[in-house]
Amino acid sequence: MDKACVYLDYAATTPVDPRVAQEMAGCLTVDGVFANPASVHAHGRRAAEWVEQARGQVAALIKAEPAEILWTGGATEANNLAILGAARFYGRRGRHILSVATEHKSVLGPLAALAREGFQIEYLPTDEQGRVAPAGLAAALRSDTVLVSIMHVNNETGTVQDLAALAVVLAKSQALFHVDAVQSAGRLALDLGTLPVDLLSLSAHKLYGPKGVGALYVRRRPRVRLAPVLFGGEQEQGARPGTVPVHQVVGMGAAYRLAAEQGARDSAHARTLLGRLWAGLEPLGGILRNGSAEAPHILNLSFVGVHGEALAAELPRLSVATGSACTAASGSPSHVLRALGRPDALAHASLRFSCGRYSTEQDIDSAVEMIRSALLRLRALSPVWRAYREGAPLATLYKEAST
Amino acid sequence: VSAQVSERFRNPQRAGRLEGERVARGSGGSVAAGTLIELSLACEQGRILEAAFEAFGCPSAIACGDWLAQWLIGKSLEEAAALRGLQVAEALALAPEKTGVALVAEDALQRAVCSARSMVG
């Protein structure tokens, strides 16, 4: 990769830690632990041992029991299995499900599928940073609420939900509590020994492990049951058929072991770098933070006076997530920023910065310089920026079409 | 993005806002719709002596504003009024989905010409 390019998109995916890659490589070739862990012969038993060791490593990071961890093909599958599996298994208890409009699409998608099956999905209100208030959850909770799905750290804005306070509201309810913890695991403390969450989705590749593997925590005491989403063999307690990919889960286990060792240090490093980024950008003016910026590794900013597509075009050497990605027109902005009340044009002109283990001060300083020069150029010819500088209020400048 | 758009986006020649008594202005589009172009024209006896643009928009919008402002210099108001957005789109080899941006440029031009004529009148 071109050394002049800066990668600040760790919330999208992280590079695999070389120590993880090395352990994975030991599970592929004939002299390694390549066998099918479901096989009862010596090769298979050895592979099964490695799989169980990895399961223990994943469980240890979130203080769960190894038997509470199910391997999946990624966090999208974990979210699907948790939501579809729990709703369908417990559907006779009730047909009402609560979630939030700012959830990841791998949560919103299965919820939409359940709505087509007759479940009633209700989205909880949030404050302007995307936080769900415990009182709001209490008010929306019904006797027939069967599932509540709320992510821990929002992937776009880094807003952190107070899971403990939300769990208190659910304590006396029959509703199961599912948490998408993809962005928080290994970055914020998670203790399933004390946090009464029933289902929790995990990913490997957001935490220096490989893509294509994830896990679902399923509480054993009290036992949470799931209707299977996939059908086939008896692997993973019958909840998730398919040959367990030893190299993938060993990679996830190694990544989670390393996160347990150095996650706090990684988070402090990321927080320091994002602080440096904000300190470099803030003096440029007209930059709004989206979300609460509480997560250590995510900072989402909207840039006043510039168009999202022009901004992205000015930053070819900065690998960050852009509000204009995948949307040619400003008509389809981020569903998350829209839920937080940002005008579409400001949501469109947003950048999500996320850094991690291998990010450097040099990366941050280069990013600041690239953005400074892009803003200088684009704002110089922007009538919106001129009006903003002359004192026009943002609400007027970015007034949405009335239709 | 075409080479023409790319070049004008990178190095616009006519970016800015003209000031003065003889300057007429016109704008097209809106922030909410994703493109806002403002044209300034300095005219004398029905002829455009100077033109400049400001744009909030994608690279194609900036290129349209720049092409238009440059093309307008030396033209009569009649010639200016006859220009259509599709000609701008053609000159810049805009991608088909960006044709709307050129129409916003046309709106800005029509309003600027209208304003210039009312000043003359």
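Letters A, B, ... are given to chains in the order of the sequence lines, protein chains preceding strands, and every chain is numbered from 1.
At a threshold of 4.0 Å, the pair B:Arg10-A:Glu314 counts as salt-bridged, since one of the basic side-chain nitrogens sits closer than that to a carboxylate oxygen.
Using a 4.5 Å cut-off between heavy atoms, B:Ile37 makes no contact with chain A at all. Residue A:Pro343: no heavy atom, backbone or side chain, is found under 4.5 Å from chain B. Neither the backbone nor the side chain of A:Arg379 has a heavy atom closer than 4.5 Å to any heavy atom of chain B. For A:Leu311, no part lies under 4.5 angstrom from a heavy atom of chain B.
Side-chain atoms of A:Ser292 and A:Glu294 include a donor-acceptor pair closer than 3.5 Å.
Taking the six-membered ring for Trp and the full ring otherwise, the centers of A:Tyr10 and A:His297 sit at least 6.0 Å from each other.
Annotation for B:Asp66 and B:Arg8: closest pair OD2-NH1, 2.9 Å, computed over non-hydrogen atoms. Smallest separation of non-hydrogen atoms from B:Ser40 and B:Leu18: OG-N, 3.3 Å.
Between chain A and the residues B:Cys58, B:Ser60, B:Ala15, B:Ser6, the most heavy-atom pairs under 4.5 angstrom are made by B:Cys58. Among B:Pro59, B:Gly100, B:Gly57, the residue making the largest number of heavy-atom pairs under 4.5 Å with chain A is B:Gly57.
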